[in-house]
Chemist: 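The following block contains the structure, expressed as structure tokens.
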Amino acid sequence: MLKYILLRGLLAIAVAFTVSLAAFFLLNAATDPAQAIAGEDATQEVVETIRARYGLDQPLPVRYAQWLGGVLRGDFGESYYWHKPVAELVAERAGTTITLALSALFVTILIAIPLGAFAALNPNSWIDRVALGVAVSAQAVPNFWLGLIMIILFGVMMPIFPVSGDDTWRHFVLPAFVLGASSVPAVMRLTRTGLIEVMGADYIRTARSKGFRSGALLRRHALRNALLPVISVLAVQLGQKFGGSVITESIFAINGLGRLALESILGADIPTVQMLIFVFAIVFVAMNLVADILNAALDPRIRIG
Amino acid sequence: MTQVESFTVAVPEEAAPLTPRQLMRRRALGHTGFLIGAGLIIALALIALFAPLIAPHDPFVQSLSSRMLPPVWDDGGTWEHILGTDQNGRDYLSRLIYGARVSISIGLGAATIGMLIGVTLGVIAGYFGGWVDHGVSFLLTAQLALPGLLLAMALVFIIGPSIWVVICIIGVLHWTYYLVVTRSATQRIRNLDFVAAAAASGATPRQIIWHEIVPNLISQIIVIFTFELGIAILAEASLSFLGVGIQPPTPSWGLMIAEGKEAMFYRPWLVVLPGLCLFTLVIGANLMGDGLRDITAPEGRN
């Protein structure tokens with residue numbers, strides 16, 4: 001088991017650095033950062049000064065090595081746009097995005113698991129059809145549009161929840177719903193198929209023949225087994241929530257990492273974009289690692305085979 | 001899942017057994033989801049194709065005297081502009097009709113680029129196995145870990161937004177689904193007898209891949225293509241909405257939502273209508289994809 005986790009962990013680290021390498025070359029090769037900092041109308045002289053000041057006159061591999069060296073010491077460089085260390089910027093805003101991502105995951109669980117479970121217990125009933133309809137619609141609805149519709153609904157027609165800002169927990173209700181909705185189809189479908197499969201298993205039939213009523217049966221045997229794979233998928237979905245925060249945060253004016261990402265892209269602030277891509281990749285890889293470990297811990301066939 | 005019935009339809013004894021093609025047609029016609037999805041896609045594709053004939057007005061002509069007119073069902077709406085006009089006085093229905101062109105062409109282009117990358121890597125990894133497979137798997141893991149939207153936004157912003165840049169970037173970032181499916185299908189097919197027979201009769205790997213493996217992947221590739229079409233359309237809309245995709249004055253649905261956002265409390269239809277168009281197009285693609293999967297693999301091969 002320990003060997004398995006170690007191997008997976010090494011792979012995750014390798015993946016995170018490959019992503020940072022790819023992002024670095026794509027972002028830096030496609031543009032001239034010095035020109036971007038100086039602005040379109042800057043003279044050649046100004047551009048050259050900036051190039052020398054930020055060390056942009058070095059060849060690309062040297063700059064990546066410098067960046068990597070900095071990262072290993074916890075130094076992600078200085079933001080061109082905000083003129084302060086990128087790591088500080090990210091640290092200031094990370095808490096907000098973590099709150100948003102966790103509340104979004106909570107919304108997903110609240111909607112997807114009961115819906116999937118009811119659908120599985122009554123296949124081809126009206127509730128199964130409703131669940132399927134929800135899954136198909138949630139997959140097709142543009143996330144940013146759902147956000148705006150929520151703002152129209154709750155901003156004017158039913159002002160129950162605030163539609164902009166991040167001061168209180170009430171500010172997070174609508175954004176969490178919008179961000180959480182995108183994970184509902186995957187989690188709902190997995191709960192449904194998992195539970196249908198478990199309900200058909202031999203041990204459930206045995207329990208039933210011993211006189212278990214279906215409520216107790218569900219609590220004691222079925223749901224617990226059906227939800228094991230769902231837990232690891234939830235971990236993966238949580239990893240994706242950070243990347244998904246870009247749209248939600250910019251619509252609801254939440255001052256987290258997603259909004260920072262949009263602002264730094266529009267400000268051509270490459271060090272900040274570079275760090276955010278790295279951080280989002282790390283979160284994603286870490287959550288996948290958690291999912292792998294959970295799977296292995298729960299299912300001996302994986303860790304032995 | 002509910003479509004299995006049509007597969008087990010009783011064939012009269014004297015009738016000749018159905019050919020696979022007839023069987024597939026019968027399954028398709030009995031699949032409600034597929035019929036709805038295909039209907040939506042065909043209708044929207046025709047609207048996009050014949051936009052100049054259908055649109056009542058030029059989608060680019062501005063008119064300062066008729067800005068933000070309401071749609072016909074609201075007070076002050078006219079039949080002249082059935083869905084009203086936008087903040088520059090352009091006819092909204094005409095812009096929505098032309099918007100179908102932008103969404104569909106970007107979706108098709110990006111899904112094709114993703115297909116070329118994903119299928120190539122998937123077939124190579126599945127056929128050769130070993131270190132090649134490990135390398136491709138690593139690439140896959142890295143691609144999955146990339147925050148796609150963020151990187152796409154940054155690249156479009158840096159390179160400069162144009163319809164081709166948007167197509168290429170979305171395509172280059174969306175190939176993993178093709179890879180995963182074609183890789184495992186290739187692994188399964190390459191161990192079948194007819195591949196061994198081809199190899200025994202002296203076929204080179206290239207011939208085996210092109211003549212024995214790829215033809216057997218086509219139905220799965222079409223299914224994924226349909227889903228990826230929807231994903232790429234949503235990706236374009238998100239980029240355009242954030243201002244790093246299609247640029248004004250081109251009528252892209254995502255961009256129209258961004259433009260209508262400022263006035264959405266007084267003129268909600270400016271935001272609601274383009275969103276409904278996107279929703280219809282993507283739901284059409286998804287239903288068609290689900291249906292195609294049931295029709296081509298009713299035994300639940302995947």
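This is a predicted model, so every value here is computed, not measured. Just so it is clear: chains get the letters A, B, ... in the order the sequence lines come, proteins before strands, and each one is counted from 1.
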Chemist: I'd like to know if B:Arg183 and B:Asp133 make a salt bridge, using a cut-off of under 4.0 Å between side-chain N and carboxylate O.
Modeler: yes
Chemist: At a heavy-atom distance under 4.5 Å, which candidate from B:Leu139, B:Leu281, B:Leu276 has the highest pair count against chain A?
Modeler: B:Leu276
Chemist: Let me know if B:Leu287 has heavy atoms under 4.5 Å from chain A in its side chain, its backbone, both or neither.
Modeler: side chain
Chemist: Among B:Ile257, B:Leu278, B:Ile231, who wins on heavy-atom pairs under 4.5 Å with chain A?
Modeler: B:Ile257
Chemist: Measure A:Ser20 against the heavy atoms of chain B and call it side chain, backbone, both or neither at under 4.5 Å.
Modeler: neither
Chemist: Is it the side chain or the backbone of A:Leu266 that comes within 4.5 Å of chain B heavy atoms, both, or neither?
Modeler: both
Chemist: For A:Val285, is it the side chain, the backbone, both or neither that has a heavy atom under 4.5 Å from a heavy atom of chain B?
Modeler: side chain
Chemist: Considering only heavy atoms, which portion of B:Leu144 lies under 4.5 Å from any heavy atom of chain A: side chain, backbone, both, or neither?
Modeler: both
Chemist: One thing to verify: whether B:Arg267 and B:Glu262 come together as a salt bridge, which I'm taking to mean a side-chain N less than 4.0 angstrom from a carboxylate O.
Modeler: no
Chemist: Go through the steps to decide whether A:Lys241 and A:Thr97 satisfy the test side chain to side chain donor-acceptor pair (under 3.5 Å), and finish with yes or no.
Modeler: CA-CA 9 Å; A:Lys241 290 285 161 258; A:Thr97 300; over 6 Å; no
Chemist: Measuring heavy-atom distances to chain B, does A:Ala14 have an atom under 4.5 Å in its side chain, in its backbone, in both, or in neither?
Modeler: both
Chemist: Take B:Phe225 and B:Leu108 through the test side-chain contact (heavy atoms from CB on, under 4.5 Å) and record every step on the way to the result.
Modeler: CA-CA 9 Å; B:Phe225 186 89; B:Leu108 288 175; 3.9 Å; yes
Chemist: Report the option among A:Leu276, A:Leu262, A:Val283 that has the most heavy-atom pairs separated by less than 4.5 Å from atoms of chain B.
Modeler: A:Leu262
Chemist: Less than 4.5 Å to any heavy atom of chain A: does that hold for the side chain of B:Phe157, its backbone, both, or neither?
Modeler: side chain
Chemist: Would you call the rings of A:Phe144 and B:Phe241 parallel, tilted or perpendicular if under 30° counts as parallel and over 60° as perpendicular?
Modeler: parallel
Chemist: Side chain from CB out, backbone as N, CA, C, O: work out which of these in A:Val246 comes under 4.5 Å of a heavy atom of chain B, or both, or neither.
Modeler: side chain
Chemist: Among B:Thr141, B:Val244, B:Val271, single out the residue with the greatest number of heavy-atom pairs under 4.5 Å to chain A.
Modeler: B:Val271
Chemist: Would you please indicate if the ring centroids of A:Phe278 and A:Phe17 are separated by under 6.0 Å?
Modeler: yes
Chemist: Atom CE of B:Met256 and atom CZ of B:Arg95: how far apart are they, to the nearest 0.5 Å?
Modeler: 5.5 Å
Chemist: Tell me, for B:Leu149 versus chain A, whether the close heavy atoms (under 4.5 Å) come from the side chain, the backbone, both or neither.
Modeler: side chain
Chemist: Among A:Val19, A:Leu146, A:Asn143, which residue has the highest count of heavy-atom pairs closer than 4.5 Å to chain B?
Modeler: A:Val19
Chemist: Give me the atom names and distance for the closest heavy-atom approach of A:Ala186 to A:Gln237.
Modeler: CB-NE2, 3.7 Å
Chemist: Using a cut-off of under 4.5 Å for heavy-atom pairs, which of B:Ser238, B:Pro268, B:Gly284 has the most such pairs with chain A?
Modeler: B:Ser238
Chemist: Side chain, backbone, both or neither: which part of A:Ile277 has a non-hydrogen atom closer than 4.5 Å to chain B?
Modeler: both
Chemist: Identify which of B:Gly230, B:Ala237, B:Gly160, B:Gly243 forms the greatest number of heavy-atom pairs closer than 4.5 Å to chain A.
Modeler: B:Ala237
Chemist: Return the minimal non-hydrogen interatomic distance between A:Pro162 and A:Leu174, and the atom names on each side.
Modeler: O-CD1, 3.9 Å
Chemist: Step by step, would you call B:Tyr98 with B:Thr250 a side chain to side chain donor-acceptor pair (under 3.5 Å)?
Modeler: CA-CA 9 Å; B:Tyr98 273 84; B:Thr250 310; over 6 Å; no
Chemist: Relative to chain B, which segment of A:Ile251 carries a heavy atom at a distance below 4.5 Å: side chain, backbone, both, or neither?
Modeler: side chain
Chemist: If the test is side-chain contact (heavy atoms from CB on, under 4.5 Å), which one of B:Thr176, B:Val136, B:Leu140 qualifies with B:Leu121?
Modeler: B:Val136
